[in-house]
Amino acid sequence: MRLKVVSVGEAVLRTKARALSMEEIRSTYIHDLIEHMRETLHDAPGVGLAAPQIGVPLQLAVIEDKAEYHVALSGAELVERERQPVPFHVLVNPHLQLLSHPDVPFFEGCLSLPGFTAVVPRASKVVVGALDHKGEPVHIEAAGWYARILQHEIDHLQGTMYIDRMLTCSFSSLENYNRYWKAKTRLDLEREFGVPEAKLLT
């Protein structure tokens, strides 16, 4: 079942989500919710979806970056973004640790803010500790685009959106992004927008 993705302005997107108990993680409700989130993510399509984005204030997110999403990017763009396919997985009650400064600028979008995008400086390497869909501990060391996805989704669980971290002068409609910015390199973005020190705060 596809779920409605709530848009920016909804209070649930600005509220810190509640941690799940082990009993909840193993419940039929949460297992069904995960499957509905997976279907919603594929339908969008997107690479990540946090429970607050479907109006549920729980520390739960699903992630998947399919190879088919990469076909519009050149080999050079994939290398620069350090982007590789990521299989579907679930994060419950995640904790994020940055292993590098959040100073890598690339454009990001969000299913809860459709039609727009902006440059967001992110850390290139992170570690995440979480529980999986069975309540088993997972340890993730991620780099590149996968690290970016993790930061974006875990931000949602804290009531934070990419617009809180974006370089504001880069905020753009998708139409203008495709017209003016899509082919720009990381160096181009750094030259155009810089990475202000204030944006390096976690």
(request) Please round to the nearest 0.5 Å and tell me the distance separating atom CD of E192 and atom CG of D188. (result) 9.0 Å

(request) Answer yes or no: is there a side-chain heavy-atom contact under 4.5 Å between Y69 and P45? (result) yes

(message) Check this for me: does any side-chain nitrogen of one of R165 and D155 sit under 4.0 Å from a carboxylate oxygen of the other?
(response) yes

(request) Could you tell me the separation between the CG atom of L49 and the SG atom of C110, rounded to the nearest 0.5 Å? (result) 9.0 Å

(request) Determine the minimum heavy-atom distance between F116 and L174, stating which atoms define it. (result) N-CG, 3.9 Å

(message) What verdict does the side-chain contact (heavy atoms from CB on, under 4.5 Å) test give for L41 and M37, after you've listed the backbone C-alpha separation in whole Å, the side-chain angles of each residue and the deciding distance to 0.1 Å?
(response) CA-CA 6 Å; L41 180 67; M37 290 175 66; over 6 Å; no

(request) If the plane angle is over 60° it's perpendicular, under 30° parallel, otherwise tilted; pick one for F107 and F193. (result) perpendicular

(message) Closer than 4.0 angstrom, basic N to acidic O: yes or no for D164 and R14?
(response) yes

(message) Do L157 and P52 have side chains that approach each other closer than 4.5 Å (heavy atoms only, starting at C-beta)?
(response) yes

(request) Determine, for R122 against E108, whether the closest basic-nitrogen to carboxylate-oxygen distance falls under 4.0 angstrom. (result) yes

(message) For H139 and E141, which I'm curious about, is there any donor-acceptor pair between the side chains at under 3.5 Å?
(response) yes

(request) Identify the two heavy atoms, one from M166 and one from I163, that lie closest to each other, and give their separation to 0.1 Å. (result) CG-O, 3.5 Å

(message) A quick test of your reading: do over 12 heavy atoms of other residues, nucleotides or ligands sit less than 6.0 Å from CZ of R186?
(response) yes

(message) Check for me, please, whether M1 and L111 land in the same ILVMFWY cluster - side-chain distances under 4.5 Å, paths through other members count.
(response) yes

(message) Could you see if I54 belongs to whatever hydrophobic cluster contains I25? Use Ile, Leu, Val, Met, Phe, Trp, Tyr and a side-chain cutoff under 4.5 Å.
(response) yes

(request) Answer yes or no: is there a donor N or O on one side and an acceptor on the other, between the side chain of Q158 and the main chain of K16, under 3.5 Å? (result) no

(message) Using modelled atom types and a 3.5 Å cut-off, is there a donor and acceptor pairing between side-chain atoms of Q59 and backbone atoms of V92?
(response) no

(message) For K125, I'd like to know if atom NZ has over 12 heavy atoms of other residues, nucleotides or ligands within 6.0 Å.
(response) no

(message) Using a 3.5 Å distance criterion without hydrogens, assess whether the side chain of D103 forms a donor-acceptor pair with backbone atoms of A123.
(response) no

(message) If I compare all heavy atoms of G194 with all of L167, which pair ends up nearest, and what's the gap?
(response) O-CD1, 2.9 Å

(request) Start with the C-alpha gap between D43 and T40, add the side-chain angles, then the distance that decides, and say whether side-chain hydrogen bond (donor to acceptor under 3.5 Å, both in side chains) holds. (result) CA-CA 5 Å; D43 181 70; T40 303; over 6 Å; no

(request) Would you kindly say whether S124 and S100 are connected by a side-chain donor-acceptor distance under 3.5 Å? (result) yes

(message) Between E153 and R148, does any side-chain N to carboxylate O distance fall below 4.0 Å?
(response) no

(message) I want to check something: taking the side chain as every heavy atom from C-beta on, are L91 and I140 in contact at a cut-off of under 4.5 Å?
(response) yes

(request) Kindly compute the distance separating OH (Y177) from NZ (K184), expressed to the nearest 0.5 Å. (result) 11.5 Å

(message) Under 6.0 Å from the ring centre and within 45 degrees of the ring axis: does the NZ or CZ of R38 meet both conditions for the six-membered ring of F88?
(response) yes

(message) Donor-acceptor check, side chain of E80 to backbone of E77, threshold 3.5 angstrom: yes or no?
(response) no

(request) Would you check, one step at a time, whether the test side-chain contact (heavy atoms from CB on, under 4.5 Å) holds for L131 with M22? (result) CA-CA 9 Å; L131 302 175; M22 193 62 67; 4.2 Å; yes

(message) Count I, L, V, M, F, W, Y as connected when their side-chain heavy atoms are under 4.5 Å apart, and connections chain through other members. Are V104 and I154 then in the same cluster?
(response) yes

(message) So if I apply the side chain to side chain donor-acceptor pair (under 3.5 Å) rule between S112 and each of H156, E10, Q53, which one comes out positive?
(response) Q53

(message) Are the side chains of F171 and L113 in contact, using a 4.5 Å heavy-atom criterion?
(response) yes

(message) Between V120 and F106, is there a side-chain heavy-atom distance shorter than 4.5 Å?
(response) no

(request) Report yes if the side chains of V90 and D132 come closer than 4.5 Å at any heavy-atom pair, otherwise no. (result) no

(request) Evaluate the criterion side-chain contact (heavy atoms from CB on, under 4.5 Å) for residue pair Q151 and V126; output intermediate values, then yes/no. (result) CA-CA 8 Å; Q151 290 167 83; V126 301; 3.7 Å; yes

(request) Examine L20 and L3 and state if one hydrophobic cluster contains both, with Ile, Leu, Val, Met, Phe, Trp and Tyr joined whenever side-chain heavy atoms are less than 4.5 Å apart. (result) yes

(request) Please check if any side-chain donor atom of Q84 sits under 3.5 Å from a side-chain acceptor atom of H70, or the reverse. (result) no

(message) So does V79 get a backbone contact from the side chain of E82, meaning a donor-acceptor N/O pair under 3.5 Å?
(response) no

(message) To the closest 0.5 Å, what do you measure between CG (L150) and CH2 (W145)?
(response) 13.0 Å

(message) Could you report the tightest heavy-atom contact between L58 and I30, atom names first, then the distance?
(response) CD1-CD1, 4.0 Å

(message) For H89, give me all partners under ring pair (Phe, Tyr, Trp, His ring centres under 6.0 Å), at least two apart in sequence or on another chain.
(response) Y146

(message) Within the supplied structure, the quantity of interest is the number of heavy atoms (other residues, nucleotides, ligands) at a distance under 6.0 Å from E23 CD; does it exceed 12?
(response) no

(message) Can you tell me how far apart CG (N93) and CG (L60) are? Round to the nearest 0.5 Å.
(response) 9.0 Å

(message) Hydrophobic cluster membership, with links at side-chain heavy-atom distances under 4.5 Å among I/L/V/M/F/W/Y: are Y29 and V62 in one?
(response) yes

(request) State, yes or no, whether a side-chain contact exists between I63 and V47 at a heavy-atom distance under 4.5 Å. (result) no

(request) Find out whether W181 and V119 are in side-chain contact, i.e. whether some heavy atom of one side chain is under 4.5 Å from a heavy atom of the other. (result) no

